[in-house]
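To keep things clear, I will list the structure first and then write my remarks on it.
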Amino acid sequence: MIRADCFRGSVRLRRTTTDCFFFGLCAPRATVDCFFSRLCRLRTTAVLIIFCIFAAPTLSPAYPLTSAETKLLQKIEYDALQYFLNHADSRTGLVRDNSRAGSPASIAATGFGLAALAIGADRGWITHDLARANILKTLIFLESGAEQSHGFFYHFLDMRSGKRVWKSEASSIDTALLVAGALTAAAYYPGTEIEKRALKIYARVNWEWMMNHSSLVCMGWTPETGFLPYYWDSYNELLILQALALGSPTHPIPPSAWNAWARNEDEYHGHKVINSYSGSLFTYQYSHAFIDFRNLLDIDINYFKNSVEASLANRDYSLSFEKNSKSYSAFSWGLSAADGPGGYRAYGGKPGQGIQDGTIAPHAAIGSLPFTPKESLAAIKFFYLKLGKKIYKQYGFTAAFNIDKKFYSNEYLGIDQGIILLMIENFLNDGSVWKKFMALSCIKDWIEIAQLQKTSTAFASLKL
Amino acid sequence: MNTPSNNNRRRQFFIDKPFQLRYMLYVSLPIIVVCGFAFFSLYLGIWADVLSSFTNQKVQEDLITATRMVQYEEVRQNLPPNGIISVFRSAEKLSSHQREIFKDILDKANRNILIKITFLLFFLAWGTIYVSHKIAGPIYHMLRIGREIGDGNYKARIFLRKWDEAHPLALQMNTTYQNMDTRIGRIKKWAKEKPPAEAIALIQKELEATQTHDPG
C-alpha cells in the first residue's frame, strides 16, 4: 500500500515493507535519508528477513521530495487556489470558466472551487470561517438560484444570475464534477449545514433520467433539442459520473450501466492502456482527483495503474516528436485538452487520437503527479525554472504554450486550476482528498454495486 | 341667433384664472411626471443596457466566447474541428447569445418600469385623493349644512380646512345663513316680546323686504 505523508518539510510517498519485500520496489534514490531505503540498498536476504521481522510497520519512502520541490508544489497549489478566490462571484459563489473577461461561470470549475476552498482552509491558507461562508453561499445558490433540470446544472451559467447562457446543455459530467466538489467540501465539514446542502444537491440529481431509457448515460440535455445524441460510451473521465450515479441514494442508475461502456485497450510503446478516444491526459485524471483507485480492481483493471501507463504513453508520444518540435523534451511534455494557438483542442497522445501540434498544457503533467511523480516533477521544474517568466503568472501555470509557434497563453481555465490543486494536494498530503471522498457512503455503495475488488496488491507493480 | 347649445357654450376659457391654472397644474403635473418617468426609464434603461452590452470590447469577448463554446463542444463530442462549419456554429451561438442579451435587457427594462409604475401609480392615487378631497370636502360640508338649514337649524355654518377650495363660496353662504338667522331670530323675538298688533306690523315690514315665490 502506498501512502503519502508530509513531514520535516519534505514529502514521502511510501510503501509498506511487505510490498517492498515481495515486489522488490525499494526506494529509488540514494539520497533518501530513510533508514528503510538504506536497508533496501544493501540487498541482502538476511537484512530483509530481519527487517520484515522487526520492522514490519515501518514504511519506505517511494518518492522522496527535496524541500525545494515541496515548496514549489505548495506554491503552485497555493497560487491555483487564488484563482478560485478571485474568479468566484461574490454573491453566487459561481466560478468563472476561464480568466478571460466576459467568460461565463462553469459548473465544473465551481465544483473544483468548492473542494479548493476546503483544502485551502485545511492547509491554513484561508480561514475556516471564510471557506465555510463561501462554500455555504455557493451551495445555497446552487440549491435555489442556479438554473438546472432534473438536478443537472447547465454547463455554463451567468455569473450573477445563475441563468443558463450560451444555450448550453444540462451537463451530466459537469454536474458530476460539481457534485464531487460539493461532497468533498462537505467531507471537510461533516455534520454542518454544508454537508446537509451538498447531500441535498446530490440527492436531487436524477441520474436515471439522464440515461434516456438507454443503457448509457447521456452527455446532456437541452430544452430546445432534448437529449444530445452523445453518450458516455467508453473509458474517459466518466468514472466519476458512473460512481456518483451508481451510488446515488435517490436516483441511481441500474448496476448494469457499469458494464455498458467500453473498455478499449490499446498499446503504445509498451504501455497497455484502457484508453480514451482523445488520449487527452485530463480524461485519465479528473475522476482520480476524487477517487482513490490505487487499491481497486475492476475485474483485472486497476484504473490508477492505467493512468500511470497512459501518462507514460502520453509522454512517450510527445518525445516521438522531439526532433520536429522545440516544445517537447524529456522534461517538457503533457498533451491534454487546452487552449492552443489554434483555439481549444483535444490535444492528446496515443493510444487515442493523438492530436498534437507542439502545444503543451502544463496542467497535464501536474495532474499526473500522483501517477508519474518523477516525470511530472521533472516537467514541473522545467516549466517553472526555464519557462516560468512566460508561463507562470498570477495563478500559477497558464493554460498552454507552444514554443514552435511562440505561443504562450495568458489564460487560466478553472478546471485546469482545479485538477492542479487537487492532484498536488493528494500527492503532498497523504491523499487527503482521496481519503475524505472514499469515506463517503455513496462511494462505498458504488464499489459494492460495481463489484470492484479491494486489494492491497493491485498497485504493487507501479514504478513509484 | 343663439341656439340653446350656443347659450351653454363656455365663452371664457378662464373664468377664475388662478383657480383654473392651479387645477391644470394639479392634473397635468402628475400625468407628465408618470409618463416622463415611464418613457425615460424604458428608453434610457434599454439604451444604456444595449450600449453597455454591445461595446466593441463586449462584442469581441462574445465572439471569442462563442468560438470557445463551439470548440468545447467539439472536444467533448469528439468532433473534428471543421473550419467553415465551426464558424457557422459560432455565428449561431453568438446570434442566440445576442437574443438572450436582448431578452434580458427587455426583461430588466420591464421589471424596472413595473417597479417605477407601481410607485408612480401609488403616488398618483394619493395625489388624486388629495386633490379631489380639496373639492369633495367643501361640497360635502355645504350639502350637510344645507340639509341642516333646510331642517330649520339656522345656527349651522360651513367650516372648511385651510387648503380646501371654495372658501369664498362658503363665506358667502355663511353670510347668507347668518342673515337668515338674524332675520328669523328677530321675527321670533318680536312674536315673543311685542304686543300682537305691533309684532304683526314689524313682521310684515320685515317680510316685505324679502323676495319670495308666490306660493299661490
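Throughout, protein chains are lettered first and strands after them, A, B, ... in sequence-line order, and every chain is numbered starting at 1. Please read all numbers here as calculations on a predicted model, not as lab measurements.
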Item to check | Separation between NZ of A:Lys163 and NZ of B:Lys103, rounded to the nearest 0.5 Å | outcome: 6.0 Å
Item to check | A:Asp174 and B:Arg76 ion-paired at < 4.0 Å | outcome: yes
Item to check | Contact class of A:Tyr344 relative to chain B, heavy atoms under 4.5 angstrom | outcome: both
Checklist entry - How about B:Arg161: does its CZ atom have over 12 heavy atoms from other parts shown lying under 6.0 Å from it? => result no
Checklist entry - Should the heavy atoms of other residues, nucleotides or ligands under 6.0 Å from CD of A:Glu224 be counted, would the total exceed 12? => result yes
Item to check | Residue B:Ile85 excluded, over 12 heavy atoms near CD1 under 6.0 Å | outcome: no
Next on the checklist: Counting only heavy atoms from other residues, nucleotides and ligands, does the tally under 6.0 Å from CZ of B:Phe119 exceed 12?
Outcome noted: no
Checklist entry - For B:Phe123, does the CZ atom sit with more than 12 other heavy atoms under 6.0 Å from it, leaving out its own atoms? => result no
Item to check | Test item: B:Val70 and A:Trp166 side chains (from C-beta on) under 4.5 Å apart, heavy atoms | outcome: no
Next on the checklist: Only pairs of heavy atoms separated by less than 4.5 Å count here; which of B:Asp104, B:Asp62, B:Leu94 has the most with chain A?
Outcome noted: B:Asp62
Checklist entry - Does a donor on one side chain and an acceptor on the other come within less than 3.5 Å for B:Arg68 and A:Ser103? => result no
Checklist entry - Measuring from A:Met219:CE to B:Gln77:CD, what's the distance to the nearest 0.5 Å? => result 6.5 Å
Checklist entry - Taking all atoms of both residues into account, what is the closest heavy-atom pair of B:Val75 and A:Ala346, and its distance? => result CG2-N, 3.5 Å
Checklist outcome for this item: Under 4.5 Å to a heavy atom of chain B? For A:Ala101 that would be both
Checklist entry - With under 30° as parallel and over 60° as perpendicular, where do the rings of B:Tyr72 and A:His155 fit, or are they tilted in between? => result parallel
Checklist outcome for this item: When rounded to the nearest 0.5 Å, the distance separating OG1 of B:Thr65 from CG of A:Asp97 is 9.0 Å
Item to check | Interchain contact, B:Glu100 with chain A, by part (heavy-atom threshold 4.5 Å) | outcome: side chain
Checklist entry - Does B:Ile84 CD1 have over 12 foreign heavy atoms under 6.0 Å away? => result no
Next on the checklist: With a 6.0 Å cut-off (strictly less than), is the heavy-atom count around CD of B:Glu92, excluding the residue itself, greater than 12?
Outcome noted: no
Checklist outcome for this item: Closest heavy-atom pair, B:Glu61 versus A:Gly102, reported as atoms and distance to 0.1 Å, is OE1-CA, 3.6 Å
Item to check | Between A:Tyr230 and B:Asn78, a side-chain donor and acceptor under 3.5 Å | outcome: no
Checklist entry - Given a strict heavy-atom distance threshold of 4.5 Å, which part of A:Pro104 is in contact with chain B: side chain, backbone, both, or neither? => result side chain
Checklist entry - Above 12 or not: heavy atoms from other molecules or residues under 6.0 Å from NZ of B:Lys58? => result no
Next on the checklist: Heavy-atom cut-off 4.5 Å, strictly under: side chain, backbone, both or neither for A:Ser161 against chain B?
Outcome noted: neither
Item to check | Under 4.5 Å from a heavy atom of chain B, the part of A:Asn98 involved | outcome: side chain
